Trainee: 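One structure follows; several queries about it will come next.
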Amino acid sequence: MRIEVPHRSERFGAVRIHGVQEVWELDSGGDVGAPDDPQVWQTIHHVPRGAISQIAKRMAIVIPVKGERFKVLDGVLSGIPHDCLIILVSNSEREPVDRYRMEKETVRRFCRLAQRSALLIHQRDPGLGAAFAEAGMDALLDEDGLVRNGKGEGMLVGLAIAKLSGRSYVGFIDADNYVPGAVYEYVQAYASGFHLAESPHAMVRISWRSKPKIQGGKLFFNRWGRSSQVTNRFLNLLLSAYSGFGTEVIATGNAGEHAISLDLALRMQFAAGFAVEPYEYLNLFERYGGVIPSPDPDVMREGVEVFQIETRNPHFHEDKGSDHVQEMRLQALNVLYHSPISVPDVRNEILDFLRTQGVIAEGEEPPQELLYPPMATLDWDRFGRVLGDKGETFRQIEHVVPTSVQVRTPIPEIPDSESKG
Ligand code: GDD
């Protein structure tokens with residue numbers, strides 16, 4: 001993949017945010033270190049196919065899914081590069097129709113034909129709740145001991161399973177993407193970002209070039225999503241408040257498609273529901289921005305890099321309506337308003353915006369979103385053991401190689417629901 005060198009990068013303490021980098025070539029060939037024109041080096045990074053593949057082998061892709069169409073899910077699976085491990089975390093209905101079972105069938109069929117492995121679980125599995133409780137993560141559970149509903153919560157489940165699988169990077173891809181080629185490009189971009197990172201602590205966020213909509217019977221290629229415009233504006237305002245210089249460097253406040261080095265992800269706090277992506281930026285600034293003391297001096301020393309890569313494929317996904325968009329942008333502003341590093345100017349602008357939108361009245365404050373503690377200190381042995389014993393929906397789809405009749409189980413030491421009989 002050939003990716004533009006970022007025009008500018010901005011710092012917030014130990015966090016370096018690279019400006020948006022365009023993809024120039026989806027596949028730039030396989031040779032590492034092939035001689036390129038030195039003048040081109042200064043403007044374009046060449047990430048060889050071999051380097052992408054090395055990183056893909058160490059990456060798990062989490063697909064959070066809640067009631068999406070099976071055909072669309074099947075397309076998403078087909079776009080995930082072969083070397084990545086697929087982890088599907090479902091919060092779909094089990095009754096009257098068991099949609100999780102059908103998702104499982106879709107993944108199983110895909111994996112059989114593509115000869116690859118996958119891990120699946122239902123977010124509301126009582127055994128999964130028990131595993132989190134025993135491992136020290138009660139905060140994620142509701143009063144019935146089940147993992148709470150929400151996309152952020154589904155991502156945390158995926159992150160925990162990625163940790164068990166021993167992969168070094170975790171990426172997220174929504175299940176409602178209509179363009180398998182876009183999915184493929186996102187994962188290539190994740191791997192390219194990690195390849196370019198100078199720090200072991202990195203995050204890669206996707207900024208799509210366009211999001212097509214049908215307007216007046218014609219295709220219109222929208223540049224920005226409706227919630228991104230608001231989230232980015234306020235996150236940039238926070239950066240400017242600290243640096244004293246106006247900036248538009250953040251273009252991916254809401255990026256659902258993103259990837260994080262696993263060790264960093266385990267040290268971070270995540271927010272509930274759709275506050276999850278904007279809060280990732282905030283939490284990096286809170287922990288590593290140097291405004292409040294950091295719990296991780298090693299990360300402060302090595303720094304954190306955030307890449308924002310502008311992909312070529314259009315982002316074409318299920319439109320869930322304007323109430324949903326409004327909910328997403330409000331959740332982003334709620335976390336920004338209540339962050340310990342927020343400043344009066346930013347808080348006042350948020351209040352003004354929310355009042356003009358009719359969301360809060362004079363004298364009211366935005367609600368707090370739930371924030372979860374980092375998962376780094378979980379007892380992973382216990383988590384795996386309880387999940388293997390009690391996880392009724394936990395399923396490992398094994399990669400069978402017919403010639404030598406070898407079976408490759410993603411997490412060999414943990415039994416799944418079917419191997420228990
Ligand atoms: N496991 C799980 N649990 N998955 C969920 C849940 C849940 O409670 N809620 C939603 N999902 C899945 C959906 O099925 C979909 O695959 C993905 O999470 C994103 O949810 P959508 O409801 O489709 O969100 P969206 O498309 O409007 O917004 C997406 O893009 C935004 C940026 O424009 C999301 O990725 C947002 O998080 C993102 O900010």
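It should be emphasised that the depicted structure is a prediction, and the values quoted were computed from it without experimental measurement. Just follow the structure's listing: the first ligand is 1, and inside any ligand the first atom is 1.
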Trainee: Test your reading of the model: is there a side-chain donor-acceptor pair from Tyr190 to the backbone of His258, 3.5 Å cut-off?
Mentor: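 Checked: pair present.
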Trainee: Taking atom 39 (O) of ligand 1 as the point of reference, which of Asn254, Ile173, Val89 owns the nearest heavy atom?
Mentor: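 Heavy atom nearest to atom 39 (O) of ligand 1 belongs to Asn254.
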Trainee: Taking atom 30 (O) of ligand 1 as the point of reference, which of Val76, Asp174, Val276 owns the nearest heavy atom?
Mentor: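 Among Val76, Asp174, Val276, the closest heavy atom to atom 30 (O) of ligand 1 belongs to Asp174.
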Trainee: Would you mind checking if Asp263 and Arg267 are paired as a salt bridge, meaning a charged N to carboxylate O distance below 4.0 Å?
Mentor: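 Yes, Arg267 and Asp263 are salt-bridged.
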Trainee: Would the Tyr279 and Phe270 ring centres measure less than 6.0 Å apart?
Mentor: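 Distance test on ring centres: not under 6.0 Å, no.
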Trainee: I need the atoms of ligand 1 closer than 4.0 Å to a non-hydrogen atom of Val65, numbered in the order shown.
Mentor: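 Under 4.0 Å from Val65, ligand 1 has these atoms: 1 (N), 2 (C), 4 (N), 14 (O).
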Trainee: Less than 6.0 angstrom separating the ring centers of Phe12 and Tyr242, yes or no?
Mentor: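 Phe12 vs Tyr242: aromatic centres under 6.0 Å.
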Trainee: Taking 4.0 angstrom as the limit, do Asp142 and Arg124 come out as a salt bridge?
Mentor: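 A salt bridge links Asp142 with Arg124.
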Trainee: Between Arg209 and Glu310, is the closest basic N to carboxylate O distance under 4.0 Å?
Mentor: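 Answer for the salt bridge query: yes.
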Trainee: Provide the number and element of each atom of ligand 1 under 4.0 Å from a heavy atom of Glu68.
Mentor: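 Those atoms are 13 (C), 14 (O), 15 (C), 16 (O).
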Trainee: Taking only Lys NZ, Arg NE, NH1 and NH2, and the carboxylate oxygens of Asp or Glu, determine whether Arg8 and Glu248 approach each other closer than 4.0 Å.
Mentor: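 Looking at Glu248 together with Arg8, the answer is no, because their closest N to O distance does not fall below 4.0 Å.
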Trainee: Regarding ligand 1, does Gly150 bring an N or O atom to under 3.5 Å of one of the ligand's N or O atoms?
Mentor: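 Indeed, backbone or side chain, Gly150 has an N or O that close.
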Trainee: Looking at non-hydrogen atoms alone, which of Gln331, Glu277, Glu153 comes nearest to atom 37 (O) of ligand 1?
Mentor: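 Going through Gln331, Glu277, Glu153 one by one, Glu277 has the nearest heavy atom to atom 37 (O) of ligand 1.
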Trainee: Just distances here: any N/O of Ala175 and N/O of ligand 1 closer than 3.5 Å?
Mentor: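 Such a contact does occur with ligand 1.
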Trainee: Looking only at heavy atoms, is any part of Lys151 under 4.0 Å from ligand 1, and if so is it the side chain, the backbone, or both, or is it neither?
Mentor: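 It is both backbone and side chain that touch ligand 1.
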Trainee: Hey, is ligand 1 close enough to Pro64 that some N/O pair sits below 3.5 Å?
Mentor: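 Yes, since at least one N or O of Pro64 sits under 3.5 Å from an N or O of ligand 1.
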Trainee: Is any N or O atom of Gln123, backbone or side chain, closer than 3.5 Å to an N or O atom of ligand 1?
Mentor: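 Yes, Gln123 has an N/O under 3.5 Å of an N/O on ligand 1.
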Trainee: Side chain or backbone, does Lys66 bring an N or O within less than 3.5 Å of an N or O on ligand 1?
Mentor: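 Yes - when backbone and side-chain N and O of Lys66 are compared with those of ligand 1, one distance drops under 3.5 Å.
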Trainee: Ion pair present between Lys151 and Glu277, side-chain N to carboxylate O less than 4.0 angstrom?
Mentor: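 Yes, this pair counts.
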